[in-house]
Amino acid sequence: MKKRLISILLILAVILSFASCKKTPPDDTDDQEQQGTGETPGEDKGEIPGGNTGEVTADVWETLQSLSEKKYSSVKLSIKTVTGNIELESDYTLMDSEVTYSVERLNLLPTDGNLGDASSSYKTTYTGVATVKDGKVETIAGEAVSIPSYDELKGSFNFREKNFEGVKDENGRFEANVLSPTDFLGSSVDMRDMRITVTYNNNSLQKLEITYVLKDSTVTTVYEFSL
């Protein structure tokens, strides 16, 4: 009897073992693939739009040249010259018919040798308004001081690609080293180490900053444009 019971139990164990071997495991292939890519099922990854990477195309040169030749209602110009420990500033506002100016000049020693009449400051600020006709300064109302010609103040810029190196243009900000200041400014100048930074949009130049070395002086010139 005991042998028969043991035999029945053994037969049942074999049947159960066989049945468990034939059981199909759940299909987890999709889960494994999704884990491998790190993506959630049904998730829309979308695309990050490419921004301005700083690459300069032909359109940039054409745009800058066109905007530099555009007619502006006014241009504010500031010039700061640093020579050793001496710093002089000049500010101009240019319009079609006039130039408003504020110019710092070094004080000269009295010609009669009387140092008692010398100013305690090493510089004096001269202000006034100069009238302009046909692009030339004609008369000056205010403290007499020589100022650059209107064309020199207004500036004439040549944005030819070959005249620049180390160029970067990104989000309306153009930066570059100028290889030939004479070519860029359109007139013979004795300048070196010139660098420019331009901020602009599709409609106008907004600001143009030029730094350069002139003999023993470092000069920073900033133009601000208004339509």
Side-chain angles (χ1 to χ4, degrees), residues 67-112 114-158 173-175 178 181-182 184-201 203-227:
L67 295 178
S68 72
E69 296 170 358
K70 199 166 187 176
K71 186 177 179 62
Y72 294 92
S73 62
S74 68
V75 179
K76 290 184 178 181
L77 169 62
S78 67
I79 304 172
K80 181 168 68 175
T81 304
V82 179
T83 307
N85 295 324
I86 298 175
E87 181 177 304
L88 297 173
E89 293 191 28
S90 300
D91 296 294
Y92 306 89
T93 299
L94 289 71
M95 292 177 283
D96 283 339
S97 60
E98 66 179 31
V99 176
T100 301
Y101 64 86
S102 173
V103 179
E104 292 182 341
R105 290 288 185 264
L106 288 175
N107 292 327
L108 300 177
L109 293 175
T111 56
D112 60 4
N114 185 0
L115 298 181
D117 295 333
S119 171
S120 59
S121 174
Y122 71 88
K123 60 185 178 181
T124 298
T125 301
Y126 299 88
T127 60
V129 178
T131 59
V132 177
K133 184 176 181 180
D134 298 328
K136 295 182 179 181
V137 174
E138 287 202 328
T139 60
I140 296 178
E143 298 171 282
V145 62
S146 61
I147 64 174
S149 70
Y150 185 77
D151 287 339
E152 289 174 325
L153 291 172
K154 182 167 62 68
S156 177
F157 310 112
N158 189 346
R173 182 183 175 89
F174 174 92
E175 301 176 61
V178 180
T182 293
F184 176 63
L185 297 176
S187 59
S188 180
V189 293
D190 184 17
M191 303 173 179
R192 57 186 172 84
D193 300 334
M194 178 177 283
R195 181 167 179 80
I196 66 168
T197 300
V198 186
T199 55
Y200 67 98
N201 56 34
N203 296 319
S204 69
L205 296 179
Q206 296 173 311
K207 187 175 181 179
L208 189 155
E209 179 175 329
I210 307 173
T211 59
Y212 57 90
V213 176
L214 179 62
K215 295 183 179 178
D216 297 325
S217 302
T218 300
V219 183
T220 301
T221 302
V222 179
Y223 295 82
E224 295 181 81
F225 302 86
S226 299
L227 288 174

- Message: I'd like to know if the side chain of Ser73 and the backbone of Leu227 have a donor-acceptor N/O pair within less than 3.5 Å.
- Response: yes
- Note on the structure: Distance col, row Asp190:CG vs Tyr212:OH, nearest 0.5 angstrom, shows 11.0 Å
- Task: Indicate yes or no: at least one non-hydrogen side-chain atom of Phe184 is less than 4.5 angstrom from one of Ile210.
- Result: yes
- Message: More than 12 heavy atoms of other residues, nucleotides or ligands under 6.0 Å from CG of Asp216: yes or no?
- Response: no
- Item | salt_bridge(Glu87, Lys123) N-O dist < 4.0 Å | no
- Decide yes or no for Thr197 and Phe174: does some side-chain heavy atom of the first lie under 4.5 Å from some side-chain heavy atom of the second? no
- Note on the structure: Nearest heavy-atom approach of Tyr72 to Leu67 is OH-O, 2.7 Å
- Assess whether atom NZ of Lys207 is packed by more than 12 heavy atoms of other residues, nucleotides or ligands within 6.0 Å. no
- Search all heavy atoms of Phe225 against all heavy atoms of Leu205 and return the closest pair with its distance. CB-O, 3.3 Å
- Interatomic distance, CG@Asn85 vs OH@Tyr122, rounded to 0.5 Å, equals 9.0 Å
- Note on the structure: Looking only at heavy atoms, the pair that brings Met191 and Leu214 closest together is CG-CD1, 4.3 Å
- Query: Is the shortest heavy-atom distance from the side chain of Tyr92 to the side chain of Val103 under 4.5 Å?
  - Reply: yes
- Query: Looking at Lys215 and Val213, what are the two nearest heavy atoms and their distance?
  - Reply: O-CG1, 3.7 Å
- Query: How many angstroms lie between CG in Leu77 and CG in Leu208, if you round to the nearest 0.5 Å?
  - Reply: 10.5 Å
- Distance only, no hydrogens: is a donor on one side chain within 3.5 Å (strictly under) of an acceptor on the other, for Asn107 and Thr124? yes
- Kindly give the heavy-atom pair with the smallest separation between Tyr200 and Arg173, and that separation in Å. CE2-N, 4.2 Å
- Item | Side chain proximity check, Asp91 to Lys76, heavy atoms < 4.5 angstrom | no
- Closest heavy-atom contact between Thr81 and Ser217? CG2-CB, 3.7 Å
- Query: So, does Glu104 use its side chain to make a donor-acceptor pair with the main chain of Glu89 at under 3.5 Å?
  - Reply: yes
- Message: Determine whether Glu224 and Ser74 satisfy the following criterion, side chain to side chain contact (heavy atoms under 4.5 Å, CB included), listing intermediate values before the conclusion.
- Response: CA-CA 8 Å; Glu224 295 181 81; Ser74 68; over 6 Å; no
- Item | Sub-4.5 Å side-chain heavy-atom contact between Thr211 and Thr218 | no
